[in-house]
Amino acid sequence: MSSGGNNNTKAAARVDAARRVAIFGGTHGNEMSGVTLVNLWVQNGAEIQRKGVEIKPFIANPKAVEKCVRYVDTDLNRAFTQENLSATGDDELPYEVQRAQEINRMFGPKGSAGAYDVIFDLHNTTSNMGCTLILESSKDAFNLQMMNYIKKAFAPASCLVLLNEHPLLKYSTSRSVAKHPVGLEVGPQPQGVLRSNIFEAMRVILKHALDFIELFNEGMEFPACTVEVFWVLERMDYPRDANGNIIAMVHPNLQDCDWEPLNPGDPMFQTFDGKSIHYQGSSTVYPTFINEAAYYEKQQAFVTTRRETLVASAVRKA
Amino acid sequence: MQLDEPVLLPRLCRVAVCGGTHGNELSGVYLVREMLKTETRREDGEPASVLMVLSNPRAMQQCRRYVDTDLNRCFTHATLNGPVSDGTPYEIMRSRELNAMLGPKGSRAAVDLVCDLHNTTANMGLCFIAYSDSDWICLHIFRYLQKQMPDTPMRFIHFDVSNKESYSLDSIGKHGFAMEIGPQPHGCVKSDIYTAMKEGVQHMLDWAGYFNSGCLFEGGLVDVFTMVKNVDYPRDGETRNIMATIHPRLQDRDFCLLHPGDPLFQTFSGETLTYNGNEPLYPFFINECAYYEKGIALSLARKKCVTIPSIRAQTEEEEEQASEQSFASEEEE
């Protein structure tokens, strides 16, 4: 970051303008808001145009979109590992690994100077998460300032920030190819379904995000600010029997209570014959991704988070 | 026959509860699995046997609605009795297995009652879906559930399809209905939905037990929603992609009367498309995920009030007399 001047305020961090931006829909083929928005914008991109930046709408997993499934061979949003990106084998590789390599060529290479500046990755969830922005780094001032801008523009409606910087739980997303990856997760919406309120909310959030980029590219300085984030702590699986079968459901007191405090002793799961299982942690946590359908196979009933306030330094175009 | 004499009907000796007909409708999957684990027996009068069936194991294993084709459309007489080959879709082979297990459809050997468990993404509460609006067994069970579960929104839906054309699993039994509960995303189990299904099934089995033991069930009135037509999304002429969503003022308002001129869809450019039918109808299956591919955005029904008679199970003597009479009349023919 920058060094200080004469007064107490530091000079703004200089960040390169965002000249190449992509909007991914259909990273999961059955998450319909993003699929629908991207298809719309591919046909007519007027709504997403901004001065001084090229914005590319893109269907990340067309085969999965066509079949209206999450993925064909393997989850595209976990496929961008270094191992996968450098794997050889072409046609023998799982479809999504091939696709990850292609996306890495088009929008990356991941980690290089030539990668896209920003990728917005549009997702839906069956969880009652409302509008959520997902970050992968607590130190990306550009992204943090964007979050702050979007939250203020969207208010009084709520838009929360989830931060997954956990060394083990963090995963290799399609957006991670870009310098500034931003996930948009809006729910609750069943897989394969398009709900108008969810669709509109995602559209509005993206509008604010693109407005931020335009303002930033024009040279506006964004003063230092704080951003409240929910920082991923751990993944909680369903209780299972010896054969790995789920033996309990998310408790009715927890169902739909994303972002609300879960205190030690609070009910967490309910067995199929009606018994409650309680949270055994030592402190209050904030659960989210509660009862996401796609996570049953990933051994996840919900994730716990802690609330933290991050400080974002002032930023300005370099 | 005097008006206040009950209708006598054969006992329900064999009842089947089926889950996982669609492999990603998880309340029924988990409930039947649970019931298979803990088969409990109750007192006198219970059905002689309750069969628990997981209808589509392969689809369940992949957590998909179906593997090759929708199992719940494979139970027409034509499909059940048509030719098979190596290329026959999995679900058609499975429908024949289920027909052998629970049927054959239309024969005396068929189970007395089939209850097929389903979930929907639509905000429908608990619904019975049946082919008849005069099957007193199904209507009485529905009425009994309404009384036992007064806090659960409950409707009886009638699809006016002849026995010849009936296509779903519940049509195998002498009596049958689908128990459809929503809203629940596919691939998910929500505890309130699961609990409602569990209670519904338990009350149904209780009712069958009381019925078999000779209880008289008083007649009364039941509201029945008869399906009139389906409405598809507006679609692009070339790509067939949908061009609008269910309007926010209609979303989740299953069974709220829709009047001509009411909003129906909202295009992606924000325009409202209205319902232009000439009579007010009741919408249901609003925005059911699985129906996008079937060209259904919502279904529309008329409501009517059906008078159901009192009923009682035939005693063994009455059953014998009844079958002798029908045998005699068959001989006469």
Side-chain angles (χ1 to χ4, degrees), chain A residues 30 32-33 35-37 39-41 43-44 46-47 65 67-70 124-128 187-201 203 238 241 245-256 267 269-274 276 290-297 301, chain B residues 24 26-27 29-35 37-38 40 62-65 119-122 182-195 197-199 233 236 239 241-252 263 265-270 272 286-293 297:
Chain A
N30 54 9
M32 303 304 292
S33 304
V35 170
T36 308
L37 282 170
N39 279 338
L40 262 182
W41 292 329
Q43 273 199 342
N44 182 353
E47 188 182 334
V65 168
K67 295 179 166 194
C68 200
V69 291
R70 181 178 175 87
N124 292 119
T125 174
T126 58
S127 305
N128 188 27
Q189 180 171 270
Q191 297 162 351
V193 167
L194 186 66
R195 291 178 65 107
S196 55
N197 59 330
I198 302 286
F199 174 82
E200 284 305 320
R203 198 176 194 172
Y238 292 95
D241 65 16
N245 296 317
I246 288 176
I247 56 171
M249 316 167 275
V250 170
H251 195 277
N253 288 16
L254 178 60
Q255 177 67 48
D256 296 336
F269 297 110
Q270 185 179 70
T271 64
F272 294 118
D273 52 4
S276 284
I290 299 174
N291 208 351
E292 160 53 55
Y295 290 171
Y296 282 42
E297 68 174 21
Chain B
N24 55 4
L26 294 192
S27 296
V29 169
Y30 282 110
L31 180 59
V32 169
R33 272 199 191 139
E34 227 11 64
M35 289 170 73
K37 264 196 257 177
T38 59
T40 50
Q62 297 180 33
C63 200
R64 289 184 132 97
R65 182 177 175 87
N119 291 118
T120 173
T121 57
Q184 183 176 270
H186 299 316
C188 241
V189 64
K190 291 177 67 167
S191 50
D192 57 341
I193 302 289
Y194 175 87
T195 300
M197 189 177 272
K198 180 174 168 185
E199 285 180 17
Y233 292 95
D236 178 275
T239 61
N241 287 337
I242 67 174
M243 299 196 319
T245 59
I246 295 285
H247 196 279
R249 299 229 307 266
L250 177 59
Q251 179 69 55
D252 298 336
F265 298 113
Q266 185 176 71
T267 68
F268 299 137
S269 49
T272 295
I286 299 175
N287 211 350
E288 160 53 55
C289 159
Y291 288 175
Y292 282 40
E293 68 174 21

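Throughout, a chain's letter reflects where its sequence line sits, starting with A, and its residues are numbered from 1.
- Heavy atoms only, all atoms of each residue included: B/K37 and A/I247 are closest at NZ-CG2, 4.4 Å.
- Interface remark: A/N197 contributes no atoms to any contact with chain B (heavy atom separation under 4.5 Å).
- Here A/S196 is the residue among A/S196, A/G274, A/C68, A/P252 with the most heavy-atom pairs under 4.5 Å with chain B.
- The distance from the SG atom of B/C289 to the CD atom of A/Q189 is 10.0 Å, given to the nearest 0.5 Å.
- The minimum heavy-atom distance linking B/S191 with A/H251 is given by the pair OG-C, 3.9 Å.
- The only member of B/I246, B/T245, B/D252 that meets side chain to side chain contact (heavy atoms under 4.5 Å, CB included) when paired with A/R195 is B/D252.
- Heavy-atom distances place the side chain of A/L40, and not its backbone, under 4.5 Å from chain B.
- Taken to the nearest 0.5 Å, the OG1 atom of A/T271 stands 7.5 Å off from the CD atom of B/E34.
- Contact count versus chain A (heavy atoms, under 4.5 Å) is highest, among B/D192, B/N24, B/N287, B/L26, for B/N287.
- Proximity to chain B (any heavy atom under 4.5 Å) is shown, for A/I246, by both the backbone and the side chain.
- Only the side chain of B/T195 comes within contact range of chain A, with heavy atoms under 4.5 Å apart.
- At a 4.5 Å heavy-atom cutoff, the contact between A/F272 and chain B is made by backbone and side-chain atoms alike.
- For A/Q191, the parts lying under 4.5 angstrom from a heavy atom of chain B are both the backbone and the side chain.
- If you measure heavy-atom distances from A/F199 to chain B, the contacts under 4.5 Å come from the side chain alone.
- When all heavy atoms are compared, the tightest approach of A/A293 to B/G187 is CB-O, 3.5 Å.
- Only the side chain of A/D256 comes within contact range of chain B, with at least one heavy atom under 4.5 Å from a heavy atom of that chain.
- Comparing B/Q266, B/R33, B/K198 by heavy-atom pairs within less than 4.5 Å of chain A, the highest count is held by B/K198.
- B/Y292 is listed as a side-chain neighbour of A/V193, based on a closest heavy-atom distance under 4.5 Å.
- When side chains are defined from C-beta on, A/L194 counts as touching B/F268, because their heavy atoms get closer than 4.5 Å.
- For A/E297, no part lies near chain B; criterion is any non-hydrogen pair under 4.5 Å.
- Atom CD of B/Q62 sits in a crowded spot, with more than 12 heavy atoms from other residues, nucleotides or ligands closer than 6.0 Å.
- Only the side chain of B/I242 comes within less than 4.5 Å of a heavy atom of chain A; its backbone N, CA, C and O stay farther away.
- Between B/V189 and A/Y296 the shortest heavy-atom distance is N-OH, 2.7 Å.
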